[in-house]
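First up is the structure itself, then whatever we jot down about it.
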Amino acid sequence: MQTVLAAPMPIPGHIDPVPVPRGVQPRPDGRVDLIGLTKEQLREALLSAGMELKQAKLRSKQIWHWLYNRGATRFADMTDIAKAQHPWLEERFVIGRPEVVEAQVSSDGTRKWLLRSPDGQDYEMVFIPDADRGTLCVSSQVGCTLNCRFCHTGTMRLVRNLTAGEIVGQVMLARDSLGEWPSQPEGRMLTNIVMMGMGEPLYNFDAVRDALKLVMDGDGLALSKRRITLSTSGVVPMMARAGAEIGVNLAVSLHAVTKDVRDELVPLNKKYGIEELLQACADYPGANNARRITFEYVMLKDKNDSDADAHELVRLLRHYDLPAKVNLIPFNPWPGADYECSTPERIRRFSDIVFEGGISAPVRTPRGRDIDAACGQLKTAAEKKSRAQLDREAEEKFAALG
């Protein structure tokens, strides 16, 4: 008997589809969530619900302002819309926010939220406060398409992509929690966004692009594209499109400088190798010395942390003439991990070699480890898996990538 596989989810651009078990489910109450809609889509939603054209043009502008500039979560708060119209809007539409299942605060001030969608899917986001900035780490998928060996999130199966509304909703929920409405460009705690949470952003390109355009819209959340970084494990065919259509800063999860080691740590390397990835970085629109590409490099004891690895990293980045910065990340442990963190002395030596090669290589201070909010630790349900099981899942995911 032949097994029938789930239909592949189409991925924008010239790239193989990735099978996804399920799509997003409609709201049980049938209402349309306005969060995540563009200005034009918001107007069309009002028209489709039966509002007259002239009124829909006016109301869509008013509602947009209340949603993205004032942070309103109820139509009753929209004081320039007639009270008599509030019930009509409430019957047909909803102003969504992710449900907060759990909120945790680390001893270092890092905050982590476990969130739930209306169809019962869980995902996480993290806020990292610093003296001169506050960075929100945003998820793009429930689970992950990839199986990066060192990453806890990578041990999860991909459930589905998050919608544009669920992605921008994370930013809005963080603003709610920080009390940062009305939206203002100055004096706010949330200053930066990184698409480095659960999932591979470039395997959910349309939703990530649409969400970030809402975040960058000058009439709404108004966060500069220079304050936003998109991180990818190396989905090469989508990188140029990301630069052209989104235009934010690029970060690349590199983590190794040889084929064998990167094949193990980042299985996507079997499809798009290091040289192909670095050429795509060299071609990334807008990259220059003022907007350097960040290369993430997790430090794993006796795996990728030798002097030879550091020298090869410098050689590769200089060979492709990349405007680059390397973020050295001490490995953050999780139950069942097969790796150990490099020693502080080894990390310092690695950093020194890269710095001596003319490339900035700061060591990232781990944040939120005590609440599993540090880099590579996000996962909605802890489950210990054997090396053999991880190998099987890596092969399954790689086979789906072609």
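Bear in mind that the values here come from a model prediction, so they are computed numbers and not experimental data.
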**OP:** Begin with the C-alpha distance, continue with both residues' side-chain angles, and end with the deciding distance and a verdict on side-chain contact (heavy atoms from CB on, under 4.5 Å) for Met78 and Leu89.
**Re:** CA-CA 11 Å; Met78 301 180 182; Leu89 291 167; 5.5 Å; no
Original post:
Considering only heavy atoms from C-beta outward, does the side chain of Ile167 approach that of Asp210 to under 4.5 Å?
Top reply: no
**OP:** Provide the closest heavy-atom pair for Leu328 versus Ala361 in the form atom of the first, atom of the second, distance.
**Re:** CD1-O, 3.9 Å
Original post:
Out of curiosity, Tyr320 OH to Ile274 CD1, how far, rounded to the nearest 0.5 Å?
Top reply: 9.5 Å
Subject >> Over 12 non-hydrogen atoms of neighbours within 6.0 angstrom of CZ in Arg318 >> reply: no
Subject >> Euclidean distance, Ile353 CD1 relative to Asp307 CG, rounded to 0.5 Å >> reply: 3.5 Å
**OP:** Hey, could you give me the CD1/CG distance between Ile193 and Leu221, rounded to the nearest 0.5 Å?
**Re:** 7.5 Å
Original post:
Are a donor atom and an acceptor atom from the side chains of Asp260 and Thr258 found within less than 3.5 Å of each other?
Top reply: no
Original post:
Say you draw a straight line from CD of Glu102 to CZ of Arg116; how long is it, rounded to the nearest 0.5 Å?
Top reply: 10.5 Å
Original post:
Do the ring planes of Tyr297 and His255 sit parallel (below 30°), tilted (30 to 60°) or perpendicular (above 60°)?
Top reply: tilted
**OP:** Would you check if the side chain of Thr191 reaches a backbone N or O of Gly134 as a donor-acceptor pair within less than 3.5 Å?
**Re:** yes
**OP:** Could you tell me whether the side chain of Leu34 reaches within less than 4.5 Å of the side chain of Trp64, counting heavy atoms only?
**Re:** no
Original post:
Donor-acceptor pair, Arg97 side chain versus Asp176 backbone, under 3.5 Å?
Top reply: no
**OP:** Can you see which heavy atom on Leu37 is nearest to which on Ala45, and at what distance?
**Re:** CD1-CB, 4.2 Å
Subject >> For Asn249, the option from Arg227, Arg226, Arg291 that meets side-chain hydrogen bond (donor to acceptor under 3.5 Å, both in side chains) >> reply: Arg291
Subject >> Between CG on residue Asp321 and NE2 on residue His319, distance to nearest 0.5 Å >> reply: 10.5 Å
**OP:** Before giving the answer on side-chain contact (heavy atoms from CB on, under 4.5 Å), spell out for Leu212 and Met195 the whole-Å C-alpha distance, their side-chain angles and the decisive distance to 0.1 Å.
**Re:** CA-CA 10 Å; Leu212 292 182; Met195 296 299 306; 4.2 Å; yes
**OP:** Would you name the heavy atoms of Arg133 and Thr135 that are closest together and state the gap between them?
**Re:** CD-OG1, 3.7 Å
Subject >> Exam field: side chain Asp309 to backbone Ala256, donor-acceptor pair closer than 3.5 Å >> reply: no
Original post:
Would you call Val171 and Leu214 a side-chain contact if the rule is heavy atoms closer than 4.5 Å?
Top reply: no
Original post:
Should we count NZ of Lys225 as having more than 12 external heavy atoms under 6.0 Å?
Top reply: no
Subject >> Any donor-acceptor N/O pair, Glu180 side chain to Met189 backbone, under 3.5 Å >> reply: yes
Subject >> Smallest separation among heavy atoms of Gly234 and Leu277, with atom names >> reply: CA-CD1, 3.6 Å
Subject >> Side-chain heavy atoms of Met238 within contact of Tyr203, under 4.5 Å >> reply: no
Original post:
Going through the checks in order, is the side-chain contact (heavy atoms from CB on, under 4.5 Å) test met by Phe127 and Trp113?
Top reply: CA-CA 9 Å; Phe127 178 69; Trp113 291 266; 3.7 Å; yes
Subject >> Salt bridge Arg348-Glu345, side-chain N to carboxylate O under 4.0 Å >> reply: yes
**OP:** Evaluate salt bridge (charged side-chain N to carboxylate O under 4.0 Å, His left out) for Arg74 paired with Asp77, printing each intermediate quantity in order.
**Re:** CA-CA 6 Å; Arg74 303 184 310 153; Asp77 295 331; 2.7 Å; yes
**OP:** With rounding to the nearest 0.5 Å, note down the distance linking CD in Glu99 to CG in Leu115.
**Re:** 9.0 Å
Original post:
More than 12 non-hydrogen atoms from neighbouring residues, nucleotides or ligands closer than 6.0 Å to NZ on Lys57, yes or no?
Top reply: no
Subject >> Nearest non-hydrogen partners of Leu313 and Phe350, listed with the distance >> reply: CD2-CE2, 4.0 Å
Subject >> Val266 side chain near Ser253 side chain, heavy-atom distance below 4.5 Å >> reply: no
Original post:
Using a distance-only test with no angle check, is there a side-chain donor-acceptor pair under 3.5 angstrom linking Ser140 and Glu200?
Top reply: no
Subject >> Heavy-atom pair with the smallest gap, counting every atom of Ser342 and Asp305 >> reply: OG-OD2, 2.8 Å
Original post:
Counting only N and O atoms by type, is there a donor-acceptor contact under 3.5 Å from the side chain of Gln55 to the main-chain atoms of Glu52?
Top reply: no
Original post:
Hey, does the side chain of Asn327 reach the backbone of Glu296 with a donor-acceptor pair shorter than 3.5 angstrom?
Top reply: no
Original post:
Any side-chain heavy-atom pair from Glu40 and Arg43 closer than 4.5 angstrom?
Top reply: yes
**OP:** May I ask you to decide if Glu90's main-chain N or O and Arg31's side chain share a donor-acceptor pair within less than 3.5 Å?
**Re:** yes
Original post:
Does Phe295 reach the side chain of Leu317, with side-chain heavy atoms less than 4.5 Å apart?
Top reply: yes
Original post:
Got a donor-acceptor contact below 3.5 angstrom from the Asp33 side chain to the Gly96 backbone?
Top reply: yes
Original post:
When you look at Arg59 and Asp80, which way does the salt bridge (charged side-chain N to carboxylate O under 4.0 Å, His left out) test go after all the steps?
Top reply: CA-CA 9 Å; Arg59 295 302 185 213; Asp80 55 356; over 6 Å; no
Subject >> Leu67/Ile35 under side-chain contact (heavy atoms from CB on, under 4.5 Å): CA gap, chis, key distance, verdict >> reply: CA-CA 8 Å; Leu67 296 181; Ile35 298 299; 4.2 Å; yes
**OP:** Taking the side chain as every heavy atom from C-beta outward, state whether Val252 and Thr294 have any pair of such atoms under 4.5 Å apart.
**Re:** no
Original post:
Can any side-chain N or O of Gln141 pair as donor or acceptor with the backbone N or O of Cys144 at less than 3.5 Å?
Top reply: no
**OP:** Show the numbers, then the answer: is there a salt bridge (charged side-chain N to carboxylate O under 4.0 Å, His left out) between Asp352 and Arg349?
**Re:** CA-CA 5 Å; Asp352 288 344; Arg349 172 61 180 160; 5.6 Å; no
Original post:
Do the side chain of Ser139 and the main chain of Glu124 share a donor and acceptor less than 3.5 angstrom apart?
Top reply: yes
